[in-house]
S.K.: 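Have a look at this one.
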Amino acid sequence: MNIKQIAKDTAKTLQSYLTYQAVRTVLAQLSETNPPLAYWLHRFSAQDKIQDGEAYIEELFREKPDLALRIMTVREHIAEEVTEYLPEMVRTGIQQANMLHRRQHLERITQLNQSNPSSEPERQATSDPNLDNSSNDG
């Protein structure tokens, strides 16, 4: 396991996600102030370019540099706000999710194990005449 590579890949994914969030923010702003530009940006962003945030910004610079700069500024602001809380939130989120998955798995296993063995003894108990008589004698 190469921890540094995992960290680099995670950072790249996070950068792309923050780019996506910045685009959503700018789109919301533009829809109120400049609907035609918002429509253009929406169409530009809808072509699967946004999966790689850096490639998206590069291509946007070729088309509309002012929008690229605006999105970069918003992305940087979001990053500054989010990164303070992110490490603890990720750790806590993964721990809570893992606990939930384990609990659900344990519940499924327990239900399966309880339903399979218990159904056979019940059938045997109801079909065994000795058990019925002994309970009446008591």
Side-chain angles (χ1 to χ4, degrees):
M1 176 177 1
N2 186 343
I3 297 296
K4 285 187 179 182
Q5 188 59 48
I6 292 171
K8 283 181 182 180
D9 294 345
T10 302
K12 183 176 181 181
T13 301
L14 182 57
Q15 282 177 234
S16 292
Y17 182 72
L18 292 178
T19 302
Y20 165 75
Q21 288 296 333
V23 168
R24 287 186 56 194
T25 301
V26 171
L27 272 171
Q29 294 167 347
L30 288 175
S31 67
E32 293 180 12
T33 59
N34 190 344
L37 188 56
Y39 178 75
W40 182 92
L41 182 60
H42 179 71
R43 287 181 44 92
F44 178 84
S45 302
Q47 300 171 2
D48 292 332
K49 300 172 187 172
I50 203 152
Q51 295 297 323
D52 180 347
E54 302 317 306
Y56 174 86
I57 295 285
E58 285 178 26
E59 195 165 333
L60 187 58
F61 256 118
R62 289 187 214 111
E63 299 284 330
K64 296 207 181 288
D66 55 326
L67 274 180
L69 289 168
R70 183 171 178 173
I71 289 170
M72 287 171 37
T73 301
V74 171
R75 175 177 71 166
E76 189 172 348
H77 175 74
I78 293 171
E80 288 171 2
E81 296 294 318
V82 166
T83 53
E84 178 181 340
Y85 305 102
L86 201 56
E88 184 59 33
M89 290 175 81
V90 170
R91 271 193 296 275
T92 302
I94 287 175
Q95 289 170 350
Q96 289 176 347
N98 284 352
M99 187 172 22
L100 176 65
H101 292 303
R102 286 182 181 116
R103 184 175 62 226
Q104 289 172 343
H105 178 67
L106 182 61
E107 287 172 359
R108 279 192 301 271
I109 292 173
T110 306
Q111 289 171 356
L112 286 176
N113 289 342
Q114 286 178 350
S115 65
N116 288 341
S118 64
S119 61
E120 290 179 22
E122 285 176 15
R123 285 186 210 138
Q124 290 174 353
T126 56
S127 64
D128 189 348
N130 294 332
L131 290 176
D132 290 339
N133 292 339
S134 65
S135 63
N136 291 339
D137 293 339

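Keep in mind that the numbers below use all heavy atoms, side chains included, and drop hydrogens, waters and symmetry copies. This chain uses plain numbering: 1 for the first residue, then up along the sequence. What you are looking at is a predicted structure, and each value in this text was computed from that prediction instead of being measured.
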S.K.: For the backbone of Ala28 and the side chain of Ser31, can you confirm whether one donor and one acceptor N or O come within less than 3.5 Å of each other?
M.R.: yes
S.K.: Just how far is it from atom OG1 of Thr13 to atom CG of Asp52, taken to the nearest 0.5 Å?
M.R.: 9.5 Å
S.K.: Please answer: with hydrophobic residues joined when any side-chain heavy atoms are less than 4.5 Å apart, are Val90 and Leu18 in the same cluster?
M.R.: yes
S.K.: What is the minimum heavy-atom distance between Ser16 and Gly53, and which atoms define it?
M.R.: OG-N, 2.8 Å
S.K.: Enter the distance from Thr110:OG1 to His105:NE2 here, rounded to the nearest 0.5 Å.
M.R.: 9.0 Å
S.K.: Would Leu100 and Gln104 count as a side-chain contact (heavy atoms from CB on, under 4.5 Å) if you check the C-alpha gap in whole Å, the side-chain angles of each, and the deciding distance to 0.1 Å?
M.R.: CA-CA 6 Å; Leu100 176 65; Gln104 289 172 343; 3.6 Å; yes
S.K.: For Arg75 and Gln15, which heavy atoms make the closest approach, and how far apart are they?
M.R.: CD-O, 4.1 Å
S.K.: Do the side chains of Ile6 and Asn2 get nearer than 4.5 Å, heavy atoms only?
M.R.: no
S.K.: Atom CG in Leu41, atom NZ in Lys64: separation rounded to 0.5 Å?
M.R.: 9.5 Å
S.K.: Working note: Tyr56 + Ser45, criterion side-chain contact (heavy atoms from CB on, under 4.5 Å); need CA distance, chi angles, decisive distance, verdict.
M.R.: CA-CA 8 Å; Tyr56 174 86; Ser45 302; 2.6 Å; yes
S.K.: From Thr19 OG1 over to Ile71 CD1, what is the distance, rounded to the nearest 0.5 angstrom?
M.R.: 8.5 Å
S.K.: Just wondering, do Leu14 and Val82 contact through their side chains at under 4.5 Å, heavy atoms?
M.R.: no
S.K.: With a cut-off of 6.0 Å (strictly less than), are more than 12 heavy atoms of other residues, nucleotides or ligands near CZ of Phe61?
M.R.: yes
S.K.: For the residue pair Phe44 and Trp40, categorise the inter-ring angle as parallel (less than 30°), tilted (30 to 60°) or perpendicular (more than 60°).
M.R.: parallel
S.K.: Indicate, with yes or no, if Tyr20 and Leu69 share a hydrophobic cluster defined by side-chain heavy-atom contacts under 4.5 Å among Ile, Leu, Val, Met, Phe, Trp and Tyr.
M.R.: yes
S.K.: In terms of hydrophobic clusters joined by side-chain contacts under 4.5 Å, are Leu86 and Ile94 together?
M.R.: yes
S.K.: Within this structure, what is the CG-CZ distance for the pair Asn98 and Arg103, rounded to the nearest 0.5 Å?
M.R.: 12.0 Å
S.K.: Output the distance between atom CD (Glu54) and atom CE (Met72), rounded to the nearest 0.5 Å.
M.R.: 8.5 Å
S.K.: Please report the shortest heavy-atom distance between Pro87 and Thr83, naming the atom on each side.
M.R.: CD-O, 3.3 Å
S.K.: Please name the pair of heavy atoms, one in Leu30 and one in Arg70, separated by the smallest distance, quoted to 0.1 Å.
M.R.: CD2-NH1, 3.4 Å
